[in-house]
Amino acid sequence: MPSFDTKLDPNLDAVGNAVDTTSKEIGTRFDFKGTSAAAEFKKKEKEIIVYGDSDFQIDQVRDVLYNKLTKQKVDIRFMDVGKVEKIGGDKVKQVVKVKAGIEAELAKRITKLIKDSKIKVNASIQGEEVRVQGKNFDDLQAAQALIRKEIDDVPLDFGNYRD
């Protein structure tokens with residue numbers, strides 16, 4: 001039975017490259033000289049930590065980071081920005097989590113969307129992915145188009161096509 005998987009899968013290597021180029025630009029920019037502005041990527045935890053002297057500077061560093069992510073063709077919707085925290089003195093940090101894998105709530109939303117659409121396909125949650133199965137490719141393509149149209153708050157990928 002033909003099927004495909006719907007997943008949320010960022011390119012972590014491209015994210016790492018973007019953070020590296022962000023750090024290089026921070027080191028050369030005049031407005032960041034002598035400050036604690038920095039960006040650090042923890043690949044295992046899938047999070048970026050942004051440091052600065054103030055909320056305003058954190059915003060500036062995050063803008064540079066988003067620019068570099070865009071140049072690396074990483075969708076900004078993968079980023080989940082946390083709260084700004086004080087880390088001592090006048091220094092602050094912000095954790096930006098990189099979304100990977102479909103959360104249970106979003107997976108339920110996708111399966112409900114497909115069931116309510118009356119398209120002749122079945123959707124099932126497979127861990128951090130949603131598998132969609134149908135008897136013909138036209139129905140699968142219709143389901144894919146529906147998911148793309150209705151769920152636009154996260155950059156979903158489709159893969160693992162089977163015949």
Side-chain angles (χ1 to χ4, degrees), residues 1-26 38-52 58-85 93-163:
M1 186 181 288
S3 68
F4 68 87
D5 290 340
T6 305
K7 55 190 172 188
L8 190 61
D9 190 24
N11 183 348
L12 294 178
D13 293 330
V15 172
N17 290 341
V19 172
D20 289 343
T21 56
T22 299
S23 296
K24 287 178 186 173
E25 182 170 328
I26 289 170
E40 175 186 350
F41 180 53
K42 295 186 177 181
K43 191 171 187 174
K44 201 175 265 189
E45 291 87 14
K46 295 179 183 153
E47 62 186 24
I48 302 166
I49 303 174
V50 180
Y51 299 96
I58 289 272
D59 291 341
Q60 286 181 317
V61 173
R62 206 175 55 244
D63 286 345
V64 172
L65 173 67
Y66 284 176
N67 185 12
K68 300 303 179 188
L69 285 168
T70 304
K71 286 183 180 177
Q72 290 284 336
K73 294 182 177 56
V74 175
D75 198 319
I76 301 302
R77 294 177 294 172
F78 280 118
M79 304 300 134
D80 186 18
V81 179
K83 292 183 180 177
V84 176
E85 308 167 15
K93 77 173 185 176
Q94 186 174 44
V95 177
V96 180
K97 293 199 180 286
V98 181
K99 296 178 194 173
I102 296 178
E103 297 171 359
E105 183 180 312
L106 180 59
K108 288 176 186 174
R109 199 169 111 200
I110 293 170
T111 55
K112 183 177 180 345
L113 175 71
I114 289 174
K115 286 179 183 173
D116 292 347
S117 71
K118 305 291 189 228
I119 299 173
K120 295 180 181 176
V121 294
N122 294 325
S124 61
I125 300 170
Q126 307 277 321
E128 293 185 336
E129 298 178 349
V130 176
R131 178 158 295 156
V132 180
Q133 296 177 318
K135 292 193 187 275
N136 64 33
F137 284 110
D138 292 338
D139 291 340
L140 289 178
Q141 287 178 334
Q144 215 174 40
L146 177 70
I147 293 170
R148 275 199 180 108
K149 179 182 169 204
E150 295 295 324
I151 302 194
D152 58 355
D153 52 339
V154 291
L156 294 172
D157 290 328
F158 303 101
N160 200 15
Y161 295 96
R162 300 200 179 173
D163 219 349

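Note that the coordinates shown come from a computational prediction; the quantities given were computed from them, not determined experimentally.
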Quiz item: What side-chain hydrogen bond (donor to acceptor under 3.5 Å, both in side chains) pairs are there with at least one residue in residues 69-81, not counting sequence neighbours?
Solution: Asp75-Arg77

Quiz item: Any side-chain heavy atom of Ile147 within less than 4.5 Å of one from Ile114?
Solution: yes

Self-check item: Least distance between heavy atoms, Pro2 atom then Phe137 atom
Solution: CB-CE2, 4.0 Å

Practice problem: State, with a plain yes or no, whether a side-chain heavy atom of Lys99 is found less than 4.5 Å away from one of Lys97. | Solution: no

Self-check item: Pairwise side-chain contact, Ser3 with Val132, heavy-atom cut-off 4.5 Å (strictly under)
Solution: no

Exercise. Write down the atom of Val61, the atom of Ala38, and the distance for their closest heavy-atom approach.
Key: CG1-O, 4.0 Å

Quiz item: Considering all heavy atoms of both residues, which atom of Ala39 and which atom of Ser23 are nearest to each other, and what is their separation?
Solution: O-OG, 3.1 Å

Exercise. Enumerate the residue pairs fulfilling ring pair (Phe, Tyr, Trp, His ring centres under 6.0 Å) with a member in residues 144-163, sequence neighbours excluded, ordered by first and then second residue.
Key: Phe4-Phe158

Exercise. Please name the residue in the list Asn160, Thr111, Ile151, Ile102 that meets the side-chain contact (heavy atoms from CB on, under 4.5 Å) test with Thr6.
Key: Ile102

Practice problem: Please list all pairs passing the salt bridge (charged side-chain N to carboxylate O under 4.0 Å, His left out) test where one or both residues lie in residues 149-158, with sequence neighbours left out. | Solution: Arg109-Asp153

Quiz item: Run the side-chain contact (heavy atoms from CB on, under 4.5 Å) check on Leu156 and Arg148 step by step: do they pass?
Solution: CA-CA 8 Å; Leu156 294 172; Arg148 275 199 180 108; over 6 Å; no

Self-check item: Within residues 118-131 or reaching into it, pairs that qualify as side-chain hydrogen bond (donor to acceptor under 3.5 Å, both in side chains) - sequence neighbours excluded
Solution: Asp5-Arg131, Ser124-Gln126

Quiz item: Has Lys46 got more than 12 heavy atoms of other residues, nucleotides or ligands less than 6.0 Å from its NZ?
Solution: no

Quiz item: Can you name the residues that form a side-chain contact (heavy atoms from CB on, under 4.5 Å) with Lys43, not counting sequence neighbours?
Solution: Leu12, Asp13, Phe41

Exercise. Please name the pair of heavy atoms, one in Leu140 and one in Gly134, separated by the smallest distance, quoted to 0.1 Å.
Key: CD2-N, 3.8 Å

Which pairs of donor and acceptor atoms, one on a side chain in residues 62-69, lie under 3.5 Å apart (sequence neighbours left out)?
residue	atom	partner	partner atom	Å
Arg62	NH1	Asp59	OD1	3.3
Arg62	NH1	Gln94	OE1	2.5
Arg62	NH2	Asp59	OD1	3.1
Lys68	NZ	Glu25	OE1	2.8

Quiz item: For the residue pair Pro155 and Leu8, what are the closest heavy atoms and their distance?
Solution: O-CD1, 3.4 Å

Quiz prompt | Contact check, side chains of Met79 and Val74, non-hydrogen atoms, under 4.5 Å | solution = yes

